[in-house]
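The figures that follow rest on heavy atoms only: side chains count, while hydrogens, waters and symmetry mates do not. From a predicted model like this one, the values you see are computed outputs, not experimental measurements.
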Amino acid sequence: MTAGGERAIGRERTIDVDGPLRVVEYGDAGPVFVCVHGLGGSALDWQLLAPRLAERGRVLAFDLPGFGDSPLGRRSATIAQLRALLDRFMHDLVREPAVLVGNSMGAMLAVLQAAACPRTVNGLVLLSPVLPASALRLPHPLTTAQFILYATPAVGEWYVRARRRQLTPQALVNATLGYIAAHPDRIPEMVFEDRTALATRRALDPTGDLAFLAAARSLLRLLATPRRYRRVVDRVMAPALVVHGRRDRLVSVRAARAAAARRQDWRFDLLSEVGHVPQLEAPEKVVAAIHEWQSSLSQTAANFAAPR
């Protein structure tokens, strides 16, 4: 989106990563930002943030298999397989260290990639990230109840299928953004329009529910072993910026704050009156936080390199 509020169109293409993968690119040169969407999301999650980031670099956003306009095909949508696909994407298309910008589950994938293949990542921007939690830092009760449904065999399939059949694509988008955003009325109308068009297309894909449930269930399995996940977080060498909405109903603010405190080299920014999707609710604030964080890293590096 431009300063005047017009829709900023990225360059779209489809590449092959064990199957079709839709990619949207903004900008032409400079440092690379790779945007990874969350559970149930798509490259559209970045339509407000990516054009702003492209003023300072090249931005790549893509639809994970089974989400957006990337068909699942014979691929799997478990966290392990999605992380492996992200690794392929980094090696085959990006081919240089990049800043991974992830939201929710996408932030989890970014952390896993940074821990497993540190040479591909020179920074992390984690927006409302799914990080190790505990019973004292659970999300909103409704979110907990929904994920219990997702985790239950047969019940999860029935629940997502029934919700999709009972709601029109427009109603589904309105309900989703109404829950994950603190103030959905602050999100531009074009975001609702584009997501409704995508939901209409997605309704024709019978594998969408399979991908969603596979990702949700494997995400829960990783969260069920918080000590193991914390060890992964501890292995990350890249600098990180954590941006969290104070009114996030999906991911506990306390969990994000605790994880960031464990990594004192990570920066933590809390945005008031913002929910689970800061990149849609407050893209200007997110970009400002990223620029300030990168400037501080550059200054620290310069100070370190200065002769004594």
Salt bridge (charged side-chain N to carboxylate O under 4.0 Å, His left out) filter on Arg22, not counting sequence neighbours, yields Glu12, Asp63, Asp69
Would you say His244's side chain and Val251's backbone share a donor-acceptor pair under 3.5 angstrom? yes
Backbone of Tyr179 reached by a side-chain donor or acceptor of Arg249 within 3.5 Å: yes
Could you pull out all residues at least two apart from Ala98 that satisfy side-chain contact (heavy atoms from CB on, under 4.5 Å)? Val32, Val34, Met90, Val94
Taking every non-hydrogen atom, the tightest pair across Val24 and Gly10: CG1-CA, 3.7 Å
Using salt bridge (charged side-chain N to carboxylate O under 4.0 Å, His left out) as the criterion, list what pairs up with Asp28, not counting sequence neighbours. Arg11
Thr78 side chain vs Ser218 backbone, donor-acceptor pair below 3.5 Å: no
Nearest heavy atoms of Gly275 and Glu281, plus distance in Å: N-OE2, 2.8 Å
Taking all non-hydrogen atoms of both residues, which atom of Gly123 and which atom of Trp293 are closest, and how far apart? CA-CH2, 4.1 Å
Side chain Arg263, main chain Ala240, donor-acceptor under 3.5 Å: no
Between Leu297 and Phe33, is there a shared hydrophobic cluster once you connect ILVMFWY residues whose side-chain heavy atoms come closer than 4.5 Å? yes
Do the side chains of Val277 and Asp45 get nearer than 4.5 Å, heavy atoms only? no
Linking I/L/V/M/F/W/Y whenever their side-chain heavy atoms sit closer than 4.5 Å, directly or via other members, would Val125 and Met237 fall into one cluster? no
Partner of Arg52 under side chain to side chain donor-acceptor pair (under 3.5 Å), picked from Glu284, Gln279, His291, is Glu284
Residues in side chain to side chain donor-acceptor pair (under 3.5 Å) contact with Arg75, at least two apart in sequence or another chain: none
Could you tell me whether Glu273 and Arg186 make a salt bridge, using a distance below 4.0 angstrom between a side-chain N and a carboxylate O? no
Applying side chain to side chain donor-acceptor pair (under 3.5 Å) to Arg262 and not counting sequence neighbours gives Asp234
Any donor and acceptor pair, going by atom type alone, linking the side chain of Arg195 with main-chain N or O of Pro169 inside 3.5 Å? no
Applied to residues 164-177, the side chain to side chain donor-acceptor pair (under 3.5 Å) test, sequence neighbours excluded, yields Arg164-Asp209
Side chain of Arg202, backbone of Gly68: donor and acceptor closer than 3.5 Å? yes
Which pairs pass side chain to side chain donor-acceptor pair (under 3.5 Å) with one or both residues in residues 114-128, sequence neighbours excluded? Gln113-Thr120, Ser128-Asp248
So Asp18 and Leu85, do their side chains get closer than 4.5 Å, heavy atoms only? no
With the 4.5 Å side-chain cut-off for hydrophobic clustering, are Leu213 and Val155 part of the same group? yes
Any heavy-atom pair between the side chains of Val130 and Leu222 that's under 4.5 Å? no
Can you establish whether the number of heavy atoms outside Arg246 located under 6.0 Å from its atom CZ is more than 12? no
Does CD in Glu292 sit with more than 12 non-hydrogen atoms of other residues, nucleotides or ligands closer than 6.0 Å? no
Over all atoms of both residues, closest heavy-atom pair of Phe67 and His37: CB-CE1, 3.6 Å
Crowding at CZ, Arg228 (>12 non-hydrogen neighbours, <6.0 Å): no
Checking Arg13 now: which residues fulfil salt bridge (charged side-chain N to carboxylate O under 4.0 Å, His left out) with it, not counting sequence neighbours? Glu25
What heavy-atom pair brings Ala175 and Arg163 nearest, and what distance separates the two atoms? CB-NH2, 3.9 Å
Using a side-chain heavy atom cutoff under 4.5 Å and only I, L, V, M, F, W and Y, what cluster partners does Leu198 have? Leu44
Here the ring pair (Phe, Tyr, Trp, His ring centres under 6.0 Å) pairs for residues 85-115, sequence neighbours left out, are Phe62-Phe89
Nearest heavy atoms of Leu177 and Pro184, plus distance in Å: O-CB, 3.9 Å
Is there side-chain contact between Val286 and Val101, with heavy atoms separated by less than 4.5 Å? no
Non-hydrogen side-chain atoms of Ser104 and His276 separated by less than 4.5 Å: yes
Pairs satisfying ring pair (Phe, Tyr, Trp, His ring centres under 6.0 Å), at least one member in residues 194-222, at least two apart: Tyr150-Phe212
Which residues share a side chain to side chain donor-acceptor pair (under 3.5 Å) with Glu55, sequence neighbours left out: none
